[in-house]
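What follows is one structure encoded as structure tokens, with my remarks underneath.
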Protein chains: 2
Amino acid sequence: MALMTPAPSTLPRRSAEDRREQVLEAAIHEFAELGYQAASTAAIARRAGISQPYIYALFPSKQDLFLAVHDRVVERILSTFREAAQGATDPQDALHRMGTTYPELIGDRFVLLCQLQAYAAAGDPEIREHVGRGFGRLAGEIRALSGCTPAELAAFLAGGMLANVTTILGMPELCDPLWEEKHGRA
Amino acid sequence: MALMTPAPSTLPRRSAEDRREQVLEAAIHEFAELGYQAASTAAIARRAGISQPYIYALFPSKQDLFLAVHDRVVERILSTFREAAQGATDPQDALHRMGTTYPELIGDRFVLLCQLQAYAAAGDPEIREHVGRGFGRLAGEIRALSGCTPAELAAFLAGGMLANVTTILGMPELCDPLWEEKHGRA
DNA sequence: GACGGTTGTGATAGATCAATCAATAATGGC
DNA sequence: GCCATTATTGATTGATCTATCACAACCGTC
């Protein structure tokens, strides 16, 4: 039982808050590409530049980490939409402005894929409840920001879902017509 | 090393084709609720009433089983749509008829959830390619059956996606306005 | 009533992975 | 310059899961 190698020399220590940040960012990527189950804490740790056990000093469990990732992703989407809706004149205009930010959100790619993975993992009741609340918050805020009707909200959300899926499948052309022809008619 | 218990008595044997059928049906349920990674071959076998190793006599690998499930699900959706589109008068009418079958597909529940799980598992390139082909076939057939425009197709697919997600989250009320107010205006 | 193909299973290898724990190095206050 | 606190890791455990293999029970058939 040889004990540990004595850690070559001074490695700079970061605050726990800092590390949590790194882990969250790494986890977003891993969860987005592999899903809740397939993503391993070892891979997340590697990407974050820390050891695998240390994740459990920063988050109580893999599920908690996943839900924290989901919260952050929802928050990021919301802030993007809030910004986009600034100065809109009417509901359609607000939704249109939000819709144009979708490609930007997709540019991040991982944000939307994380959403999809959260839905897929919703077989677990605890996850479903959490993700359901996030989805409700999203829907509520979009309505509040835009003042749209339930039907318009549904159509907007639906477009987002299609964007998710066509992105992950690498078939964006199927989604494009939505944002082109919906409001932007010359 | 006690050898096996001598198998109480005569259990009726089924044809391999029969068994494959049972396994596929069981796998649809397991994959739908848990996803590709989290669903275990042991649980599938238990549900199908066979031993876990026998699955590998019927399907070469878990991934092959998953893709076979996906094919079957796509085929089921297509046949539902084909039936619904019979006797439609124009593209809008055809899409409307197909849309009304969505709740029926959701009644099955597992069919649509399997689709969602397939998208979520598309991080794996082999799965993505297969699922992408299925999605393309779906989109192509819908266009052929209805004669709709690309924008109408996109809106229709988007609605399906939203139906998937609101179903799994148990929030169907967010999706209802789509099918109610879209075409059925009195 | 032996035989060859088919159906089916138990045991198990081999891999992976979440989570725990004890131990150790750096840090900051005093 | 000491001490309590905080950050960080190596080693490991126990569980789980896919896949393989050798073997057994059944079936038609000659």
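Treat the numbers as computed from the prediction; the structure is a model and nothing was measured. Each chain gets a letter, A, B and so on, in the order its sequence line appears, and its residues count up from 1.
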Please report the distance, rounded to the nearest Å, between [atom1] in [X] and [atom2] in [N].
X	N	atom1	atom2	value
A:Lys62	C:dT20	NZ	C1'	17 Å
B:Gln37	C:dA18	CD	C1'	15 Å
A:Gln63	C:dC17	CD	P	18 Å
A:Phe59	D:dA7	CZ	C1'	15 Å
B:Phe66	D:dC17	CZ	C1'	17 Å
B:Gln52	D:dC21	CD	C1'	13 Å
A:Leu65	C:dC17	CG	C1'	15 Å
B:Asp18	C:dG8	CG	C1'	14 Å

Taking NZ, NE, NH1 and NH2 as the nitrogens, is one of them in B:Glu104 or B:Arg97 under 4.0 Å from a carboxylate oxygen of the other?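 Looking at B:Arg97 together with B:Glu104, the answer is no, because their closest N to O distance does not fall below 4.0 Å.
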
Carboxylate-amine/guanidinium contact B:Glu75 B:Arg72, below 4.0 Å: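 Between B:Arg72 and B:Glu75 there is no salt bridge, as every charged N stays at least 4.0 Å from the carboxylate O atoms.
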
How is [X] classified with respect to the nucleic acid when contacts are heavy atoms under 4.0 Å: base, sugar-phosphate, or nothing?
X	answer
A:Ser51	base
A:Ala16	sugar-phosphate
A:Ile55	nothing
A:Ala39	sugar-phosphate

Validation row, ring centre A:Phe81 to ring centre A:Phe156 under 6.0 Å: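 Here the rings of A:Phe156 and A:Phe81 have centres that are less than 6.0 Å from each other.
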
Is B:Lys62 close enough and on-axis enough to B:Tyr36, meaning under 6.0 Å and within 45°, for cation-pi?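 B:Lys62 over B:Tyr36 ring: yes.
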
Ignoring hydrogens and angles, answer whether the base of C:dT6 and the side-chain atoms of B:Arg13 contain a donor-acceptor pair closer than 3.5 Å.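 By the distance-only test, yes, there is a pair.
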
Please determine, for the side chain of A:Ile50, which listed nucleotide (D:dC17, D:dT9, C:dA18) has the closest atom?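 Selected nucleotide: D:dT9.
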
From D:dA19, D:dA11, C:dA18, pick the nucleotide closest to the side chain of B:Tyr56?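 The answer is D:dA19.
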
Distance test, side-chain N/O of [X] to OP1/OP2 of [N], below 4.0 Å:
X	N	value
A:Arg19	D:dT8	yes
B:Tyr54	C:dT9	no
A:Thr41	C:dA18	yes

What is the ring orientation for B:Phe66 with B:Phe31, classed by angle as parallel under 30°, tilted 30 to 60°, or perpendicular over 60°?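 Perpendicular: the ring planes of B:Phe66 and B:Phe31 meet at over 60°.
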
